[in-house]
Structures are given as structure tokens and as C-alpha cells.
Amino acid sequence: MKNLRLIIIVLVLFLSFLLVFLSYLYKPTEVSISSLNINFSNYNQEVIKTKGVIKNLNIYNNYSTFEICELSSCIFSIYFSSNKELNNKLKKSSISKDKTSIVGKCDIYNSKKEIIVYKVL
Amino acid sequence: MIFIEILLGVFLGFLIGLIPNLHINVISYIFLYLGFFNKFLSIYFFLAFSISHLLTSYLPSTSFSIPNSENILQVFCSQKFFLKGDGKFAIYLMLLSSFLTSFLIILFLPFLFLVFSIFLNIYYIVYIAILFVLLYFIFSQKTILKKLVVFSIIIFSGVLGIFTLKYNYFFKYPLFISIFALFSIPAIIDSILANNKFVIQKKSFKKINLKSNFFIIPISILTSFLMILIPSFSSSQASILFSKIQQNLKAYKYLLVYSSISFSSLIFSFFLGIYFFKPRLGYVAILLENNVLSNINIVLFSVTIVLSTILVIFLIYLIIDKYFLILYKLNYKLINILILSLSIFFIIYLTNFYSLILLFLGFLIGYLPYIFNVNRLYVISYLMIPTLLFYI
């Protein structure tokens, strides 16, 4: 029983670290907003990296929403558990109209395309 | 037309509810895949289906003891009855409790609307409640070793929750795979190792005094009412809260409480999904995403709850003796192995091979409470930690 406990704990630790490590090292596919908008179904549920101008930023109590755009092609994005630092970063990008890179998961919610943002680079 | 939909929902829920370990969230993915959400079926079908599925699933969950995050405490209790030959008594108790709840819960709905409207935007209550429960999980342990074990289970489950629900890079449908791996696989493996056998079920059973137990039902509904206000809390936390308030409850009273709480959670989740877009169950969330929870008539909603409950209880009454008779002729161990293999095959078929890693890691974490002899509910931190991070 003692050995079984030890084996299971070691395995849990090893696999948990592996999951965290692989998630940290994950290199997402880079896609432009316009091609993402056209072929969204191909990327649905996939984590991607994209670049664009932040528009229509809305900051709520614990999440922020915005549109990431390339010319007139935009995709709705949502960042859960946003914080002050990140909100300031988004505000700055939205005012300066500089291109910002984001990493996030493509999703369809209520028949609407969206990116659930994991990181703002 | 609505009456036909209710009948259809009850009948389909009854048939699918008899299949062991087919969680309602998985069924909603199948509905999605089959295009059930397209126009011709309304909310009344899906409500009747879920009620019927919940009540019918008491049969396989009592006999096979395969829990999920919603029924974990109830299943272990009802299986004890089953192993003593009192499975039929346990199921009738749960049905009786659900029947009484189906009437009484309608009275609670206006209060839920009022209370939820007040608490909707008070976020700090959510994270204080989650933090309090997590700390309670740890500090309610008597020895330092147990405290450490529970703390580790919370951390392991929480990390898995964060990297599958919040930052998920690899997995498809991680929620239903993880819930299966954390709750169901360890229970099935434990059942196989324990070498349990089917027991002949008694046809007659003890009488209980309904009058003196009646007040348990509204108190259970109220407990569920309080829990539904907090995201990530399930009927299991509500049951724990109830058992802490009402200590030394007799086993049959537990069943009355748990089934009333499970039933209430389902109805409250529908109600919050319809009026506040805040479903608490995966199944209701998928209905909401597919625009099923609209055009609701509250009178029809209430009628559907009562009618579906009565109809499915009647169907269960018709088959319960035959069900137990058939089970007795089967090889319990073999059935459990079959359920486990088919479920894993089904998950890999629906998702991808990465799921195997998630299944294995989830199983190992879910098995920790078994080998350290602590409550299996602590694994629910899988949902609580990511929710806590969302609200902090």
C-alpha cells in the first residue's frame, strides 16, 4: 500500500509537471486575422497566435472584451480574469493603434466567432 | 404539441438513463452532433428529458456505483443499500423525495429570482465562499497528514483544472473527459478490485414516517438554493453543507436529502440559465449556447417539472423488479470492465489520443482519496480553483 501511494504521487507529480511544461512551451500556429475570419472552422478549438489593432475595448469587473482587427476584418476577443496591468496594456494599444499580438483559443459561442485570449504579448 | 414533446423527452430520458455512466453533459454533445437543437424541439422537451434522465439514472448508479461531480455522495450511500439487498427501497426513497421536491421547488423560484438579482454583481462573495470551502476541506481534517493529503489533492486537481479549462492547449472537450477520469474511473476500478457482486434485492421494505421527515425536503431545497448562487458549487457541496448542519442523519434521510438537492440543482440551473444566462450545469450551458432556453412560459415550465416527474416515476415503477432480476443474472465485474472500456473507447472516438494522457492523470488524481482514505469530493477542486482564479 505504501509503495502504491508513492508510485501514484510520483506519477501525478511527473504528469502534472509535464502538462504545465508542455503548455508553457507550446508554439501556436500564427494566423492573420483575415485568413482566420475566412477559415475559422479550420481553427475552431485550436490555440493560435494572431496580430492586429485593438478596437472597441470594454473593461468589466473581471474580464475584458475587444475586437482585434486587420483593416476591416475583425474578430471578437475575450480575456477572462483580466487585471489592472493587462487592462492598461490593452488601453494603450487601443489608443496608439499599434499592432498587438495575442495568443488564444478559437471558439464559436452563440454562433459567433471569438478568441478566448490566453496571453497578450 | 408541448405535451408530445414532454412525453418524448420523458421516454428518451428514461431509455438513456438506464445506460450506466452516460452523463447528461455527454448526451448534450451527442444532441449537438445529431442536430437536436434545430428548431423543432423546445425547452420543454429538454427539461423533461433531463428530469427523466436524472431519476432513471438512480437505477444504474445505485447498482453500479459510478459517480460524477453531481451525485458522488448520493451514489455511495445508495450503493450501500443495494449491497444489503435494499436497492429498491433506496430508489423509492429517492423518487419520493424528487416527487415532493417537484411540487415544492416551484414556490422557491420567485425567491431565487429576487436573491440572484441582488447577488448577481457582488463578485467578492463568490471567491470568499470558494476560498472558505477550500480552507474548510483542509482544516476539517483531524491529523496533519490528512490535512497535507487534502491540500495536495486540492492542488493537483486545481492545476489540472487550470491547464484544461483555463489554459487548454491540447484537449478536446476537457471538462467531460476530466470529470469521467476524476470521479468515474476510480469508482469503477475500486468496484472491480473490491470484487462486489450483485445481491438479490428484497421486494418488501421498511416503512418510514413521512410526516416526521417531510421538513427535510424544503430544507434540502433551501440548501441547494444557497449553493446554486456560487459558480462551481454542485449539489455535492450542498449535501455536505446539509450534513454539517444536520449531523448524525440516518442513512435513509441522506438519500431523501441528496436526491432532493440533485433535483433542485437541476431545476435551479435551468431557471438561472433562462433568466440570468448563468447556467450552473454543463447540459444547461449547452442548451443556452444553442438558443434553446428562450420563449419560456413559467406556468408550462412548472407543469413540465411536475408532469415529467410523475411520468418517469411511473415508468421506473413498471420496470424496477425486472431490472434487478436481469442484473442478478449478470457478471458484475465483467459489466464494470465493459462499461470502463466502452466509455474510454467512446471518449477517444469523440476526441483524440491526447485524451488518454488526461484520462490517466485524472484517474491517478481521482484515485488519491481512495488510497489515503479521505472524502472523494475534494477532487471537485478541479472546478473550484479555476473559478476562484476567474473571480479574484
Would you give me the side-chain donor-acceptor pairs under 3.5 Å for residues 20-32 of chain A, sequence neighbours excluded?
from	atom 1	to	atom 2	distance (Å)
A:Ser23	OG	A:Leu19	O	2.7
A:Ser32	OG	A:Ser35	N	3.3
A:Ser32	OG	A:Ser35	OG	3.1

Checklist entry - Side chain, backbone, both or neither: which part of B:Phe372 has a non-hydrogen atom closer than 4.5 Å to chain A? => result both
Next on the checklist: Would you say A:Ser73 and A:Asn37 are linked by a side-chain donor-acceptor pair, where the criterion is simply a distance under 3.5 Å?
Outcome noted: yes
Anything under 3.5 Å between a donor and an acceptor, one on a side chain of residues 152-175 of chain B, the other on a protein residue two or more places apart or in another chain? List them.
from	atom 1	to	atom 2	distance (Å)
B:Ser152	OG	B:Leu148	O	2.7
B:Ser157	OG	B:Ile153	O	2.6
B:Thr164	OG1	B:Leu160	O	2.6
B:Thr164	OG1	B:Tyr382	OH	2.9
B:Lys166	NZ	A:Ser81	OG	2.8
B:Asn168	OD1	B:Phe170	N	3.2
B:Asn168	OD1	B:Phe171	N	2.9
B:Asn168	ND2	B:Phe171	O	2.7

Next on the checklist: If we define contacts as heavy-atom pairs under 4.5 Å, which of A:Leu18, A:Val47, A:Leu4 has the most with chain B?
Outcome noted: A:Val47
Checklist outcome for this item: Given A:Glu46, A:Lys105, A:Lys119, the one with more heavy-atom pairs under 4.5 angstrom with chain B than any other is A:Lys105
Checklist entry - Side chain, backbone, both or neither: which part of B:Leu389 has a heavy atom under 4.5 Å from chain A? => result backbone
Checklist entry - For A:Tyr63 and A:Tyr60, what are the C-alpha separation, side-chain angles and deciding distance, and is it a ring-ring contact (aromatic ring centres under 6.0 Å, His included)? => result CA-CA 5 Å; A:Tyr63 67 96; A:Tyr60 298 94; 4.7 Å; yes
